[in-house]
Amino acid sequence: MTVQERKLKPQETENSSAAAPGLTGGPPLTETGGVLTIDLEAIAANWRALADHVEPAECAAVVKADAYGCGLREVAAALAATGCETFFVAHLHEARIVREIAPDATIYVLNGIPPDGAPQFAAVRARPVIGSMPELLEWDAFCSVNNWTGGAALHFDTGMNRLGVPVDEAPALSSRMKMPKHGISLLMSHLACADAPDHPLNTRQVQIFRELRMMFRGVPASLANSSGIFLGPATHCEIVRPGAALYGINPTPAEANPMRQVVNLKGRIVQVRQVPRGGSVGYSATWTATHETRVAIVSVGYGDGHLRAGAALSGEQPVAIIAGKRCPVIGRISMDLLALDVSGVPEKSVRRGDFATLLGDGIEVDELARFGDLIGYEVLTSLGRRHHRVWKPLAKQG
Ligand SMILES: *Cc1c(COP(=O)(O)O)cnc(C)c1O
């Protein structure tokens, strides 16, 4: 069954994460403050572009955090239908969802095994990414007692000091490679500064990882996240692990964004009002009209994950698009509302019930993030759970 063939049952529309992959989710269109559209074809196109770029290496997909807010079921189904065979998630409960969608996929769980958690991994046929010696001992014990050969990644810390076995353990561990059932299906590490190509830590991590690969010959290796892919073929190894770039975040922040935009957010205009000269808008009266101003009140706010307090810090005003015109957000963003200066838009083009574009149609996710003093990852992972959601299906193949 392809994504576009899946039909949504009525009870499944409430919450995408509890439902089969669908075409819509969240509250109905008539009751929603915002409409979030996720373009699955754009995600698929981004994956294909990265897969072509890294050939002959394999391109996996990182779908943790509800596929960066884009809907785990829908995104996993679209990517599996596009040819993606390996998925990375953060937690086992995310792996379970991917397993339902993609019965044959290889699934790695980045955050590893919690104490006594090994049996659950086997039940889902998920592979833990082992990042410490206690985890490795526990996993080995489980595998030998149960004869489990489901595989695991061995994550070495090459300089990030977050997860990963210290590299000085590598020589001792590499001796297990002589055993036929060593159980390690992937050698892994993670780059700390891949989005800054000139950062010296990149070269150091690549070099350490190269030495590790020589100790673990024959085991497929994975180093690159989205930005890492663009550091060049030295990082590609056998498998790359892009997340952000799939969802339209620029993996090369110093250059033009090579990825397609995926997410579009529109907010409903609740009312349009005239604010007289000298009148202020919003909490704490941070914005004051220097001349009479037409203002549209839009029913999206920080309670929907929209920018929140950072908007005030960045010193730049975010914008929305109405009838092709960029309109600045004015005053503080409230929990459920924000205000736009729509003086530049013809009156007939901005009415109660119309929609203003807050993300997409030329407002890139990274641009919105900058306005909020955030990164694109934060914008996507905090996309409102209470928006009406529409998944634009994959393009018909052939
Ligand atoms: C999240 C994550 C990725 C994906 O990173 P992006 O920058 O989103 O491409 C890859 N590897 C690990 C270990 C991660 O935690």
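Just the heavy atoms: all of them, side chains too, but no hydrogens, waters or symmetry mates, feed the values below. Residues take their numbers from the sequence shown, with the count starting at 1. Every number for a ligand or one of its atoms is a count from 1 in the order of the listing.
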* Contacting atoms of ligand 1, where contact means under 4.0 angstrom from a heavy atom of R162 -> 15 (O)
* Any idea which atoms of ligand 1 are less than 4.0 Å away from a heavy-atom of Y68? -> 1 (C), 4 (C), 5 (O), 6 (P), 8 (O)
* N/O of G243 under 3.5 Å from N/O of ligand 1, yes or no? -> yes
* Structure fact -> Here the pair of heavy atoms bringing R125 nearest to R99 is O-NH2, 2.9 Å
* Protein contact of atom 5 (O) of ligand 1 - nearest heavy atom, named by residue and atom, plus distance -> N225 CB, 3.4 Å
* Tell me whether V345 is reachable from I297 by hopping between hydrophobic residues (I, L, V, M, F, W, Y) whose side-chain heavy atoms are closer than 4.5 Å. => no
* Taking atom 12 (C) of ligand 1 as the reference point, the nearest protein heavy atom with its distance -> H190 CE1, 3.3 Å
* Asked: Is the distance between the ring centroids of F156 and F216 under 6.0 Å?
  -> yes
* **Residue pair S284 / R332, side-chain donor-acceptor N/O under 3.5 Å** => yes
* Could you tell me which atoms of ligand 1, counted from 1 in the order shown, lie closer than 4.0 angstrom to a heavy atom of A244? => 6 (P), 8 (O), 9 (O)
* So which protein heavy atom does atom 9 (O) of ligand 1 come closest to, and at what separation? -> S226 OG, 2.5 Å
* By number and element, which atoms of ligand 1 are closer than 4.0 Å to a non-hydrogen atom of P242? -> 9 (O)
* Structure fact -> Only residue of T293, V329, V275, V281 satisfying side-chain contact (heavy atoms from CB on, under 4.5 Å) with D341 is T293
* Structure fact -> shortest atom 11 (N) of ligand 1-to-protein heavy-atom contact is with R241 NE, 3.0 Å
* Is the backbone of G151 close enough, under 3.5 Å, to the side chain of R127 for a donor and an acceptor to pair up by distance? -> no
* Asked: So is K64 polar-close to ligand 1, meaning N/O to N/O under 3.5 Å?
  -> yes
* Identify the two heavy atoms, one from D116 and one from P119, that lie closest to each other, and give their separation to 0.1 Å. => O-CD, 3.6 Å
* Is it true that F88 lies under 4.0 Å from ligand 1, counting heavy atoms only? -> no
* Which residue owns the protein heavy atom closest to atom 7 (O) of ligand 1, what's the atom, and how far is it? -> Y377 OH, 2.6 Å
* Asked: Side chain of S189, backbone of D157: donor and acceptor closer than 3.5 Å?
  -> no
